[in-house]
Amino acid sequence: QQPVQSPQAVILREGEDAVINCSSSKALYSVHWYRQKHGEAPVFLMILLKGGEQKGHDKISASFNEKKQQSSLYLTASQLSYSGTYFCGTETLNTGFQKLVFGTGTRLLVSP
Amino acid sequence: GAGVSQSPSNKVTEKGKDVELRCDPISGHTALYWYRQSLGQGLEFLIYFQGNSAPDKSGLPSDRFSAERTGGSVSTLTIQRTQQEDSAVYLCASSLEVAGVAETQYFGPGTRLLVL
């Protein structure tokens, strides 16, 4: 049931773009994205709901493909502050509403 | 207002001892979650409290783990007869409860547990 994230890790230079994917074997109701910096708690980025619009703020956006049971997080013109581990949390009918199953994470390092 | 708080921030214990970890959710949040995060790993769901409903304990790894939530607010995660593999960061999160959709979870700073 755990969603699969890809890639597992990515290294970028400041200003480059990245895409992080989250795939589920179950039909998705919502996908939540969080970022966790080393030694800190995860921080919410955005929620994507089934049938909802693509979300985004600043240079981070995400899409939700219901057919593919997949969500993608887009990081454009990356900044040093984007470094951290990105987790997707999925809500499915199987897991029950309001309960998220988190992926294994994608480690992102943005270098100067 | 204050965010989610957890105590202690760090706990070192000997194998076989019991430990209690505390979580104070954001005021007004009726949903509360416990997760475990081993070094370099993802978030492993442990237990979920939702209002007055029976908790979802499906993620508890063994009967040594238990949790309760008193008065719909503070929660305590108890690990009995700790083992070295219990060493991890234990994260608590809370959220509003809205029918039909998962709301944003706000995480506490975690309790780092080390079992020697």
Side-chain angles (χ1 to χ4, degrees), chain A residues 1-9 20 22-24 26 28-52 55 57 62 64 71 84-109, chain B residues 2-7 9-10 21 23-26 29-60 88-112:
Chain A
Q1 279 188 341
Q2 184 177 34
V4 176
Q5 289 186 232
S6 63
Q8 292 184 340
I20 300 172
C22 173
S23 297
S24 173
K26 306 292 184 183
L28 295 172
Y29 189 79
S30 71
V31 179
H32 303 226
W33 286 97
Y34 287 79
R35 177 173 60 206
Q36 184 179 31
K37 292 186 179 290
H38 182 69
E40 299 180 8
V43 174
F44 170 77
L45 293 176
M46 64 188 75
I47 294 176
L48 295 105
L49 303 178
K50 179 180 177 180
K55 298 282 188 177
H57 59 83
F64 185 5
S71 176
T85 300
Y86 290 78
F87 292 99
C88 67
T90 56
E91 181 188 21
T92 70
L93 293 177
N94 302 78
T95 57
F97 294 118
Q98 301 189 347
K99 175 181 163 184
L100 298 179
V101 179
F102 285 91
T104 52
T106 295
R107 288 175 178 75
L108 175 69
L109 175 64
Chain B
V4 178
S5 62
Q6 293 186 243
S7 61
S9 54
N10 292 280
L21 312 179
C23 172
D24 282 89
I26 293 174
H29 282 192
T30 52
L32 187 148
Y33 309 79
W34 282 99
Y35 297 91
R36 179 170 68 176
Q37 187 173 34
S38 300
L39 187 63
Q41 300 299 309
L43 299 164
E44 177 188 3
F45 167 81
L46 296 177
I47 188 169
Y48 161 42
F49 295 91
Q50 180 186 13
N52 296 321
S53 302
D56 178 346
K57 304 179 182 180
S58 60
L60 294 178
V89 176
Y90 289 82
L91 290 163
C92 172
S94 71
S95 71
L96 290 170
E97 180 183 321
V98 177
V101 64
E103 289 293 322
T104 301
Q105 294 186 22
Y106 296 87
F107 284 83
T111 293
R112 286 166 179 73

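By convention in this document, chain letters (A, B, ...) are assigned in the order of the sequence lines, proteins followed by strands, and residues within each chain are numbered from 1.
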Quiz prompt | Point-to-point distance, once rounded to the nearest 0.5 Å, from CG of A:L100 to CD of B:Q105 | solution = 4.5 Å
Quiz item: Where is the tightest heavy-atom contact between B:F107 and A:A41, given as atom of each residue plus distance?
Solution: CB-CB, 3.8 Å
Exercise. With a 4.5 angstrom heavy-atom cut-off, could you sort out which part of B:L43 is near chain A: side chain, backbone, both or neither?
Key: both
Quiz item: What are the two closest non-hydrogen atoms of B:T104 and A:F44, and how far apart are they?
Solution: CG2-CG, 3.3 Å
Quiz item: In this structure, are over 12 heavy atoms from other groups packed under 6.0 Å from B:K57 atom NZ?
Solution: no
Exercise. For B:Y35 and A:F102, indicate whether the former's side chain and the latter's backbone hold a donor-acceptor pair under 3.5 Å.
Key: no
Quiz item: Does any heavy atom of chain B fall under 4.5 Å from the side chain of A:Q5, the backbone, both, or neither of them?
Solution: neither
Practice problem: For B:F45, look at atom CZ and say whether over 12 heavy atoms of other residues, nucleotides or ligands are found less than 6.0 Å away. | Solution: yes
Exercise. With a 4.5 angstrom heavy-atom cut-off, could you sort out which part of B:Q37 is near chain A: side chain, backbone, both or neither?
Key: side chain
